[in-house]
Amino acid sequence: MYNSKIIGLGKYLPEHVVTNDDLSKMMDTNDAWIQERTGIKERRWIKEGTDDTSAIMGAKASKMAIERSGLTNDDIDFIVFATMTPDYYFPGCGVQIQEMLGLKNVGAIDIRNQCSGFVYAISVADQFIKTGMYKNILVVGSEYHSNGLDKTTRGRGVTVIFGDGAGACVLSREEDTTKGILSTHLHSEGKYADKLIVESPSIKHWVPQILESEEEDLSYFPYMDGTFVFKHAVVRFSEVIMEGLQKNGLQKEDIDMLIPHQANLRIAQFIQKKFALTDDQVFNNIQKYGNTTAASVIIALTEAWEEGKIKAGDNVVLAAFGSGFTWASAIIKW
Ligand code: ACO
């Protein structure tokens, strides 16, 4: 058995910045409400008329990650792509990346676990590396939310939170099993699926039914019971971080860097306080990008690394919670 380690990190954020004031011109909201409840100051939204999509942004982040890894495209053995906003109903974005980057005909899978998507994705990739089946895996998280949001006052409870962007990493075989990804922990609770959901278009509720509906059909916009989600998030985040620490015989004081999914700054601050971590031990960038769902953890990890906040030997903890409900953590010895 091997371990896997991250050897290259990349990100891509669309250039177009949407501030809270910009949103207040589209809907009844304001900068003070958004900052107070979420910590978000601005987010990136793909500008209409530009080419970016989840797959294209994922490919841009991937190029950076592969370049930084020192490998070439030919070295990549497999692709794992996490998104809840794929370019197509099918096929998934993973195969698009294979084509866009001109990778050999390697396998590609998509992971549909929303905010936990990236942590699930590196866990899946880690298993393939552990068993020796693959040596270098490209893991991508990318979201194009802005085209699917209700940009009226009706949708303000959800729309102000989400941003577009992508991140990627190359996960590679590590012979030393005391280094790299030490463990991952994955959970779900499907009974709360309807608390955070985009219901359609789906086979259950397909386009003709949406068009024929007499009342305006809003089922293709995200629905979130924000307060309910918040309450579950703070509990599950804590549990899954503790689970990871215990599995590796670590204490909360041993955390050098916690990268929480960027759902809401208030959730991250709650976790920081609960684990008695300093500002230097937790990385947040939701202020700039909003919630980029499956991309948020990998964008944050990439930026923390770019800013020199992660060094060799550090205990890095990734943790996420989101729609499903699903939640997950990864404990990494950097
Ligand atoms: N601007 C101004 N007012 C607003 C806005 C807005 N953008 N949105 C809602 N309001 C109003 C509401 O209408 C409500 O008004 P009322 O009291 O007159 O009815 C009031 O503000 C409070 O609304 P709540 O929804 O109760 O606000 P809350 O404090 O719960 O904050 C939020 C909402 C930010 C969404 C919060 O609940 C949250 O972050 N939840 C967790 C989100 C999360 O973790 N999601 C998981 C990841 S996402 C994924 O997996 C896809």
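The figures here come from the full heavy-atom set of this structure, side chains too, leaving out hydrogens, waters and symmetry mates. Ligands are counted one by one from 1 in listed order, and the atoms in each one are counted from 1 as well.
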Next on the checklist: Using heavy-atom distances only, which candidate in Phe321, Phe162, Trp33 approaches atom 3 (N) of ligand 1 most closely?
Outcome noted: Trp33
Checklist entry - Should Gly226 be counted as touching ligand 1, given the test is an N or O pair under 3.5 Å? => result yes
Checklist entry - Is it true that Arg156 and Asp28 make a salt bridge, defined as a side-chain N closer than 4.0 Å to a carboxylate O? => result yes
Checklist entry - So, for atom 14 (C) of ligand 1, does the protein have a heavy atom nearer than 4.0 Å? => result no
Checklist entry - Once the angle between the rings of His187 and Trp327 is folded into 0 to 90°, is it parallel (under 30°), tilted (30 to 60°) or perpendicular (over 60°)? => result parallel
Checklist entry - Pick one: which of Leu171, Val106, Ile76, Leu71 meets side-chain contact (heavy atoms from CB on, under 4.5 Å) with Leu138? => result Ile76
Checklist entry - Can a protein heavy atom be found under 4.0 Å away from atom 17 (O) of ligand 1? => result no
Checklist entry - Looking only at side chains, do Thr19 and Asp21 share a donor and an acceptor under 3.5 Å apart? => result no
Next on the checklist: So for ligand 1, is Thr38 a polar contact partner (N or O within less than 3.5 Å, distance only)?
Outcome noted: no
Next on the checklist: When you measure from atom 32 (C) of ligand 1 to the protein, is at least one non-hydrogen atom found at a distance under 4.0 Å?
Outcome noted: no
Item to check | Heavy-atom protein neighbour under 4.0 angstrom from atom 7 (N) of ligand 1 | outcome: yes
Checklist entry - Counting both backbone and side chain atoms, is some N or O of Asn291 under 3.5 Å from an N or O of ligand 1? => result no
Checklist entry - Just checking, any donor-acceptor pair under 3.5 angstrom between side chains of Ser24 and Asn30? => result no
Item to check | Sub-4.0 Å heavy-atom approach of Met27 to ligand 1 | outcome: no
